Number of protein chains: 2
Amino acid sequence: MVKYRKSISSAVIRRLPRYYRYLSTLLDMGISKISSKDLGNRMGITSSQVRQDFSCFGGYGLQGYGYDVEFLHQEIANILGLNTVRHMIIIGAGSLGTALAKHKEFEKKGFKVIAIFDVKSEIIGQKITEHEIRHLDTLPQFLENNHVDIAILTVPENFGREVAAYITSLGIKAIWNFVPIELKTPSDVIVENIHLIDSLMVLGYNYKNNNNK
Amino acid sequence: MVKYRKSISSAVIRRLPRYYRYLSTLLDMGISKISSKDLGNRMGITSSQVRQDFSCFGGYGLQGYGYDVEFLHQEIANILGLNTVRHMIIIGAGSLGTALAKHKEFEKKGFKVIAIFDVKSEIIGQKITEHEIRHLDTLPQFLENNHVDIAILTVPENFGREVAAYITSLGIKAIWNFVPIELKTPSDVIVENIHLIDSLMVLGYNYKNNNNK
DNA sequence: TAGATTGTTAATCGATTAACAATC
DNA sequence: TAGATTGTTAATCGATTAACAATC
């Protein structure tokens, strides 16, 4: 079991999925051990950073040898909680919400969509994959009968704040927010933003200024 | 006209869309001037950072007064190039590609989808919004007749590398990549990643560890 | 003018990189 | 054992924050 008391910097945490992806690839390639130098080279980061990052969690390597790929892969999965199934609901069954509902990769990593909500009466009852779109008014009742870990917020911009306030009032503790606004939530509610337009603007800037490398 | 020689750090650039959003809101509220202190408070950052950021581009404020909201808003739009229309093509007409094609907010900020490509013969010719899905084989010809700034990559994971290599070989210089892989591209090709699963894993981690604030 | 607030320089903080003793 | 490579401490680098003279 992994032990660590000091909180890990978010810079390190944001690199973990990337390590995880590279390690998955190595596994697929049948590579069973790797050094920090080799992994760093593949990922375009320094070996120091690789070792520094992993040592945050207690050190998974063997001096003179390197890291066991399968073990390291599994440990990162543990740290990220990929072995626990997380139940997600989607709020907003527009094209983006629908696309996320149809995305198969999330469930493979333990993130399972269990229901979809909207408020447009015309679409209530329609099916997306195996889920009928439910009316948002039925969410309180749904939460009584189902455990929900994460709400995916894909509502139109002008409803973002209101809906976020509503779902947090019902006890939702984690929001994956696709609405291009900053949500103000109680401090025990985790928000992770995907601000598509921000990302596109940064791309546009770098394209214009050729700021790549 | 804005002048600056030294390249601006990417930390600053990534904050610009956020400033832009806040300034849009202020404009909507009819607020015409704002101090770095007030703006910082609203955004949850220090006034120092606000001033430091804007001073990278030459300083837009007036001592003793603050910043003119409309002017600042316009200047950030200029820096980000939002006044220039960028032509985008979508490669991969799955649910995610389709959702992005239907998204109306991009065009409002100058990012216009002009064509959609895929390779599945069953869907070639089908319409998404006003665009017929074209076969990827017709891309070279399309590029001869149309200016394209940005390619949005929404193909399945196993085709990501191949398709990226193909489109860069055809002269594409900017890729908005939704495929959960690292693209290796020539140094004059800009890549901006949206790694949905990475973001979700970070959310899962913070949810588990309640690492929010 | 006096008060407010900028732009900028200096100080601090945190993250990355380098170095190396420990050890497999 | 000798060579390789870790985990960790120290040095460097960059980004954020604080301070303040300039000035509207």
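Here the structure is a predicted model, which means the values were calculated and not measured. The chains referred to below are lettered A, B, ... by the order of the sequence lines, with proteins before strands, and numbering in each begins at 1.
- Looking at B/His131, its side chain does come within 3.5 Å of a backbone N or O of B/Val113 through a donor-acceptor pair.
- Looking at the side chain of B/Arg15, the nearest of the listed nucleotides C/dT6, D/dT5, D/dT16 is D/dT16.
- Distance from the side chain of B/Ser36 is smallest for C/dT6 among the nucleotides C/dT6, C/dT17, C/dG7.
- Side-chain contact of B/His73 with B/Ser24: a donor-acceptor pair under 3.5 Å is present, judged by distance alone.
- Between D/dG7, D/dT5, C/dG7, one nucleotide has an atom nearer to the side chain of A/Ser55 than all others, and that is D/dG7.
- For A/Arg51, no side-chain nitrogen or oxygen approaches OP1 or OP2 of D/dG7 to under 4.0 Å.
- For A/Gln52 and A/Leu62, each mapped to the nucleotide of DNA chain C holding its nearest heavy atom, the one lying further toward the 5' end belongs to A/Gln52.
- You'll find a donor-acceptor pair under 3.5 Å spanning the side chain of A/Ser48 and the base of C/dA18, going by distance alone.
- Nearest-nucleotide positions on DNA chain C for B/Gly59 and A/Thr46 put B/Gly59 closer to the 5' end.
- Between C/dT5 and B/Tyr60, no contact under 4.0 Å exists linking OP1 or OP2 to a side-chain N or O.
- Where pairing requires Watson-Crick or G-U contacts shorter than 3.5 Å, the helical stems of DNA chain C with at least three consecutive pairs are C:3-24 with D:3-24.
- Between A/Lys173 and A/Asp188 there is a salt bridge, since a side-chain N of the basic residue sits under 4.0 Å from a carboxylate O of the acidic one.
- Remark: side-chain polar atoms of B/His87 are paired, donor with acceptor, to backbone N or O of B/His147 under 3.5 angstrom.
- In summary, the side chains of B/Arg18 and A/His195 do not present any donor paired with an acceptor at a separation below 3.5 Å, with no hydrogens or angles considered.
- Neither OP1 nor OP2 of C/dA22 sits under 4.0 Å from any side-chain N or O of A/Gln63.
- Close to C/dG7, at under 4.0 Å from its OP1 or OP2, lies a side-chain N or O of B/Tyr67.
- Taken from CG in B/Asn177 to CG in B/Asn193, the straight-line distance is 4.5 Å, to the nearest 0.5 Å.
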